[in-house]
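Data block below; observations after.
Throughout, protein chains are lettered first and strands after them, A, B, ... in sequence-line order, and every chain is numbered starting at 1.
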Amino acid sequence: QSVLTQPPSVSAAPGQKVTISCSGSSSNIGNNYISWYQQLPGTAPKLLIYDNSKRPSGIPDRFSGSKSGTSATLGITGLQTGDEADYYCETWDSSLSAWVFGGGTKLTVL
Amino acid sequence: EVQLVESGGGLVKPGGSLRLSCAASGFIFSNYNMNWVRQTPGKGLEWVASLSGSSTNIYYADSVKGRFTVSRDNAKNSLYLQMNSLRVEDTAVYYCARILPPAAIDYWGQGSLVTVSS
């Protein structure tokens, strides 16, 4: 059971928008920055969002991140078939002194 | 170009040991804290260990504490994970990863598969 809770799957049609939630507590999301990663099949994870809402160089602005209290959200607009992947949230947990990941959300672009 | 290349994975019996290595290039290795993260086949990501650039600060997941040891050699731009008393549940792909402060991972290796089976 993951410390951070994500929905197992989400789906939407090409061109549409989807959001992926990540729920935690005051010891992790509530008081630390959150990051989001995309993992395409058979590849290593890739950083999409860091410090709650910043995008690394090369990540299109179709990807956005936000945080409110002990929850965070990844948004993806203009969905493309190439966005089909697993998405993970991650942060530091101050009580556990550990990096924690969500269980992952599989995005299907119908 | 930042590159992280893991090696040392393989098949080992329960109770056995294995040492993973990660060769880093394209950045000043000693300036960065590093992580090991693993992923069980078909499952999610699990953080394993963190090591600061100077090896001053070390953190381990409870699941590997006392069995795994993370270390680095900044002169060789290398990160290591010594895994002892391996269990079947340690079977996973192990990723070497660079930390973007305060708590993100901006670069990942390609992963090294460790299989613990009799």
Side-chain angles (χ1 to χ4, degrees), chain A residues 1-9 22 24 27-59 65 67 72 74 85-106, chain B residues 1-7 9 20 22 24 26-27 32-52 56-65 68 70 81 89 92-113:
Chain A
Q1 187 127 359
S2 302
V3 172
L4 304 180
T5 301
Q6 296 181 236
S9 64
C22 178
S27 65
N28 42 67
I29 295 177
N31 283 285
N32 293 291
Y33 286 114
I34 191 158
S35 304
W36 289 92
Y37 303 88
Q38 176 193 63
Q39 187 174 33
L40 298 168
T43 69
K46 175 183 175 183
L47 181 63
L48 281 182
I49 298 289
Y50 68 100
D51 290 0
N52 302 333
S53 59
K54 297 178 182 177
R55 283 178 286 105
S57 173
I59 301 300
K67 188 181 98 166
L74 173 70
D86 293 322
Y87 292 83
Y88 295 90
C89 57
E90 169 271 307
T91 187
W92 173 257
D93 190 297
S94 305
S95 294
L96 299 174
S97 291
W99 291 63
V100 290
F101 287 90
T105 299
K106 182 176 183 61
Chain B
E1 178 194 6
V2 171
Q3 283 199 313
L4 299 169
V5 180
E6 301 93 340
S7 60
L20 300 182
C22 171
F27 63 102
Y32 287 85
N33 301 343
M34 300 292 293
N35 269 347
W36 286 100
V37 177
R38 68 185 181 183
Q39 184 169 33
T40 305
K43 298 285 182 64
L45 300 167
E46 180 188 16
W47 167 74
V48 174
S50 293
L51 181 61
S52 62
T56 304
N57 297 308
I58 305 175
Y59 299 93
Y60 294 100
D62 286 345
S63 57
V64 307
K65 204 172 292 183
F68 289 12
V70 61
L81 185 67
E89 54 266 33
V93 173
Y94 285 75
Y95 293 102
C96 165
R98 191 180 85 166
I99 295 172
L100 174 67
I105 296 173
D106 59 354
Y107 286 96
W108 301 67
Q110 85 288 351
S112 183
L113 177 62

- Side chain, backbone, both or neither: which part of A:Asp86 has a non-hydrogen atom closer than 4.5 Å to chain B? neither
- Message: Once rounded to the nearest 0.5 Å, what's the spacing between atom CG of B:Leu45 and atom CD of A:Glu90?
- Response: 9.5 Å
- Query: Which heavy atom of A:Tyr88 sits nearest a heavy atom of B:Gln39, and at what distance?
  - Reply: OH-NE2, 3.3 Å
- Roughly how far apart are B:Tyr59 OH and A:Trp92 CH2, rounded to 0.5 Å? 5.0 Å
- Tell me, for A:Thr43 versus chain B, whether the close heavy atoms (under 4.5 Å) come from the side chain, the backbone, both or neither. backbone
- CG/A:Leu47 to CG/B:Leu100 distance, rounded to the nearest 0.5 angstrom? 7.0 Å
- Between the side chain of A:Tyr33 and the main-chain N/O of B:Pro101, is any donor-acceptor distance below 3.5 Å? no
- Task: Flag the one option from A:Ser2, A:Ser97, A:Gly102 with the top tally of heavy-atom pairs under 4.5 Å to chain B.
- Result: A:Ser97
- Would you mind checking which part of A:Pro45 comes under 4.5 Å of any heavy atom in chain B, side chain (CB onward), backbone (N, CA, C, O), both or neither? both
- Message: So for B:Asp62, is it side chain, backbone, both, or neither that comes closer than 4.5 Å to the heavy atoms of chain A?
- Response: neither
- Under a 4.5 Å heavy-atom cutoff, which of B:Ile99, B:Val37, B:Val48 has the most pairs with chain A? B:Ile99
- Task: Would you indicate whether the side-chain heavy atoms of B:Asn35 and A:Trp99 approach each other to under 4.5 Å?
- Result: yes
- Query: Side chain, backbone, both or neither: which part of B:Val93 has a heavy atom under 4.5 Å from chain A?
  - Reply: neither
- Task: Check step by step if side chain to side chain contact (heavy atoms under 4.5 Å, CB included) holds for B:Trp47 and A:Val100.
- Result: CA-CA 7 Å; B:Trp47 167 74; A:Val100 290; over 6 Å; no
- Note on the structure: Tightest non-hydrogen contact, residues B:Trp108 and A:Ala44, listed as CB-CB, 4.0 Å
